[in-house]
Amino acid sequence: MNTLEVENLGVRLGRFSLSGIHLSVRAGEYLVLLGPTGAGKTVLLECLLGLHGLETGSVRVRGRDVGRLPLEERGMAYVPQDYALFPHLTVAQNITYGLQVRKLPKEEIRRQTAAMMERLDIGHLAGRFPARLSGGEKQRTALGRALVTCPEIILLDEPLSALDENRCYEYARWLKQTQQDAGSTFLHVCHSFEEAACVADRVAVMNDHGVMVQIGTLDEIIDQPANRFVARFTLCRNILPGQAEKNTPGARILLDNGMWLHAGREIAGPVYAGIRPENILLLEKRTEAAENCFRGRIIQVSRRPAGREIRVATGCGEMVLHTPASAARHEIGQEVDMHVPRDKVIVMKA
Amino acid sequence: MCGREAAGFFPTIFGRRTWFASGVCAFAVLLLMAFAWLFISGSRLTSWEGFASLSRQPWFWRSVKLTLYTALATTALAAVLGVPAAYALSRFDFPGKKAAEVVFLSLLVLPASSVGLMLMVALQYPPVRLLQDSLHIRIVHSLPGVVVAQLVLALAFGVVAWRVAFDQIHPVYEHVGRTLGASSGRVFFNLTLPMAGKGILTGAILAFSRAMAEFGAVLILCSTFRFRDPGRFSAVSKFLGIDRADILAVAMWMEMEEGQMERGMALAFIMLGLTAVFVYVLIKMKKRAFHEYTGS
């Protein structure tokens with residue numbers, strides 16, 4: 001049984017609306033809800049919490065319809081964007097709050113709080129007030145406060161956006177590790193693919209208009225994006241429109257400039273061909289016969305930690321490719337030949 | 001942090017905020033000096049004689065008690081009614097919300113005497129009078145009327161301030177509290193109220209000062225008590241020692257009317273002193289609350 005099941009959720013808030021949202025989160029899964037700013041991710045979370053009345057659809061937690069239940073009975077814990085630690089309570093009191101509400105015996109509360117602080121390595125902060133915590137410490141406290149009540153699912157709204165960017169990935173790994181150790185179910189909202197890639201078991205992608213475009217594992221959304229939007233969002237920088245026809249095994253795509261591109265997937269009709277920058281190879285020598293070869297002139301070279309990013313003007317527009325740091329240096333204005341293996345061409349229906 | 005927050009309220013058209021702040025301080029110091037000068041100059045109207053004569057008046061201590069008791073009662077009532085009202089105005093949308101806001105804001109600027117007159121007419125309206133009769137209370141021209149007159153105006157000040165206090169607390173804290181399993185009532189008392197503590201105190205200071213300073217509404221609704229027949233006062237008011245006395249603001253006006261300017265001025269200074277003491281105490285409490293809050 002899925003921990004969270006959202007069916008055909010629709011909501012209207014003034015001019016903004018969400019409709020036809022389907023989502024399911026399995027028990028013990030880390031699902032990332034990925035979308036650009038303004039897509040309505042936070043609104044969706046708020047709908048799950050019951051802060052907005054639904055126009056259509058239902059929300060189920062472990063098979064139980066929670067649509068009419070108040071916030072406190074939905075079995076969801078919430079970690080908002082800036083953590084919303086209660087400023088007048090210490091770290092320990094923040095964590096204890098959910099246990100006190102449950103009227104557990106005092107001894108039990110003390111034991112569980114201590115165990116949670118031990119587990120999240122914040123025992124030394126017990127007496128501190130949130131105003132005097134660093135971003136990472138706040139994150140730990142907020143997560144501890146949510147985890148200690150053993151909710152069915154924890155909703156995290158941009159949990160890394162308030163943190164120092166340099167240490168973001170460290171915190172992301174910690175989140176993932178904590179989720180795995182606790183065996184809990186996380187629904188994490190963010191707008192950065194790289195962040196999602198660090199933590200997600202599965203990713204749900206929303207577009208600017210609040211439509212859920214694709215849900216799948218990282219491999220699925222990276223290798224078979226459902227459309228141009230998902231491809232762009234997953235950092236596929238070169239997207240070329242064209243007309244595909246079957247050419248078993250695979251397909252060949254007539255690009256706008258009259259060039260043929262061969263792809264591994266069988267498909268016909270208007271399509272977009274996506275090529276990731278790291279999948280474009282620079283050729284030493286031009287080989288006339290080879291398929292999927294482009295010729296172009298380098299217009300920009302910029303240094304990246306993992307190598308160089310090169311922009312090349314070709315017959316079918318500008319293309320971006322990444323080369324490793326060890327590769328030969330290229331100059332602006334230089335003519336180059338590029339090759340894309342046919343199994344690296346992503347094809348999406350237009 | 002407290003100072004920086006406060007500075008944020010000053011508009012920057014004064015160039016540097018420090019200039020503006022020192023201007024305000026200078027103004028306060030000038031006022032203090034002016035008051036001191038009233039004594040030093042040996043003006044006939046301001047002298048220790050005035051205080052001495054005042055303390056010999058049989059009604060004086062009853063007046064002080066009446067003023068403090070009614071202002072405290074008003075503040076307590078205003079808090080009980082006004083804090084939930086302010087919370088509702090801050091968090092929910094309901095029909096008539098705009099009208100309620102207009103009423104509260106109008107009460108801030110309306111002459112208090114007109115509020116007093118409207119109250120008196122409304123409370124004399126037959127059905128309302130019948131209701132009072134059935135409950136064996138009388139509001140117009142009676143001591144409870146003092147609290148009613150003060151309450152209407154103090155409530156307006158309190159609600160406006162308390163609403164700001166709640167507005168400053170993002171509802172997300174309440175949402176988080178509820179996801180942790182607390183009911184909305186529990187969240188209000190455990191989280192929202194303590195977090196709004198500073199603002200609630202500020203509202204209470206305002207309501208209390210307004211209640212203590214109320215003159216027009218009280219005079220019109222209740223008239224004066226000093227010369228009334230003792231038999232017309234309830235046992236409770238006699239027990240509390242607040243019968244046959246007027247609140248200080250009204251007493252001051254009566255002294256003036258009787259040509260007792262020295263006693264009138266002495267009363268004015270006493271009210272200044274009382275207000276200053278209360279505001280100081282409350283500011284101290286506010287500061288302590290702030291330190292507890294941040295742990296600094």
Side-chain angles (χ1 to χ4, degrees), chain A residues 42 45-46 48-52 66 69-91 93-104 125-133 141-157, chain B residues 1-6 8 83 87-88 90-95 97 162 164-203 285-296:
Chain A
T42 301
L45 280 195
E46 288 170 353
L48 299 182
L49 290 170
L51 301 180
H52 308 297
V66 297
L69 292 182
L71 207 53
E72 55 268 33
E73 290 170 26
R74 294 190 167 216
M76 300 174 183
Y78 180 40
V79 179
Q81 197 157 357
D82 44 11
Y83 310 126
L85 293 174
F86 308 135
H88 60 300
L89 303 179
T90 61
V91 168
Q93 287 167 334
N94 263 282
I95 292 176
T96 311
Y97 189 76
L99 299 173
Q100 280 171 339
V101 169
R102 282 170 174 67
K103 301 210 170 79
L104 295 179
L125 305 171
R128 278 221 208 147
F129 283 88
R132 304 182 69 194
L133 297 180
T141 309
L143 202 68
R145 183 178 64 177
L147 276 172
V148 81
T149 61
C150 300
E152 299 286 353
I153 183 166
I154 299 185
L155 311 180
L156 304 117
D157 190 359
Chain B
M1 191 171 140
C2 195
R4 238 186 299 145
E5 269 173 15
V83 170
Y87 183 74
S90 165
R91 289 290 189 270
F92 311 121
D93 274 321
F94 49 87
K97 179 176 171 177
W162 290 324
V164 172
F166 287 127
D167 281 347
Q168 282 170 351
I169 293 169
H170 199 283
V172 76
Y173 293 103
E174 293 165 17
H175 300 155
V176 170
R178 292 187 61 196
T179 61
L180 295 174
S183 65
S184 42
R186 189 171 179 140
V187 160
F188 176 77
F189 286 108
N190 285 172
L191 303 179
T192 319
L193 213 51
M195 281 166 70
K198 279 204 295 175
I200 305 265
L201 266 179
T202 309
M285 280 169 65
K286 208 172 129 178
K287 268 217 176 115
R288 196 177 312 145
F290 176 78
H291 287 313
E292 279 163 12
Y293 205 73
T294 53
S296 55

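Nothing here was measured: the structure is a model prediction, and the numbers come from that model. Below, read A as the first sequence line, B as the second, and so on, with proteins coming before strands; counting in each chain starts at 1.
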query: Under 4.5 Å between any side-chain heavy atoms of B/N190 and A/F86, yes or no?
result: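 B/N190 does not reach A/F86 side chain to side chain.
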Which pair of non-hydrogen atoms, one from [X] and one from [Y], has the smallest distance, and what is that distance?
X: B/G181; Y: A/V101; result: O-CG1, 3.1 Å
X: B/T179; Y: A/A77; result: CB-CA, 4.0 Å
X: A/E72; Y: B/S184; result: OE2-N, 4.1 Å
X: A/Y97; Y: B/A182; result: OH-CB, 3.6 Å

Contact class of A/R74 relative to chain B, heavy atoms under 4.5 angstrom: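 No part of it gets close to chain B.
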- prompt: With only heavy atoms counted, which part of A/L49 is less than 4.5 Å from chain B, the side chain, the backbone, both or neither?
  reply: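 Contact with chain B: side chain only.
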message: Just verifying a value: how many Å separate A/Q100 CD and B/R186 CZ, rounded to the nearest 0.5 Å?
response: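 Nearest 0.5 Å value for the CD-CZ distance: 7.0 Å.
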query: When rounded to the nearest 0.5 angstrom, what distance separates NE2 in B/H175 from CG in A/L51?
result: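 It comes to 4.5 Å.
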message: Can you tell me which of A/L99, A/L155, A/T90, A/L85 forms the most heavy-atom pairs within a distance under 4.5 Å of chain B?
response: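 Maximum pair count with chain B is reached by A/L85.
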- prompt: So which of B/V176, B/V172, B/V187, B/L191 has the largest heavy-atom pair count under 4.5 angstrom toward chain A?
  reply: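 Option with the greatest count: B/L191.
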query: Counting only N and O atoms by type, is there a donor-acceptor contact under 3.5 Å from the side chain of B/R178 to the main-chain atoms of A/E73?
result: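 No; zero donor-acceptor contacts below 3.5 Å.
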message: So, using side chain to side chain donor-acceptor pair (under 3.5 Å) as the criterion, who are the partners of A/D157 when residues are at least two apart?
response: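 So A/D157 forms a side chain to side chain donor-acceptor pair (under 3.5 Å) with A/T42.
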query: For chain B, which residues from residues 142-151 of chain A lie under 4.5 Å away (heavy-atom distances)?
result: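 The stretch touches chain B at A/R145, A/A146, A/T149.
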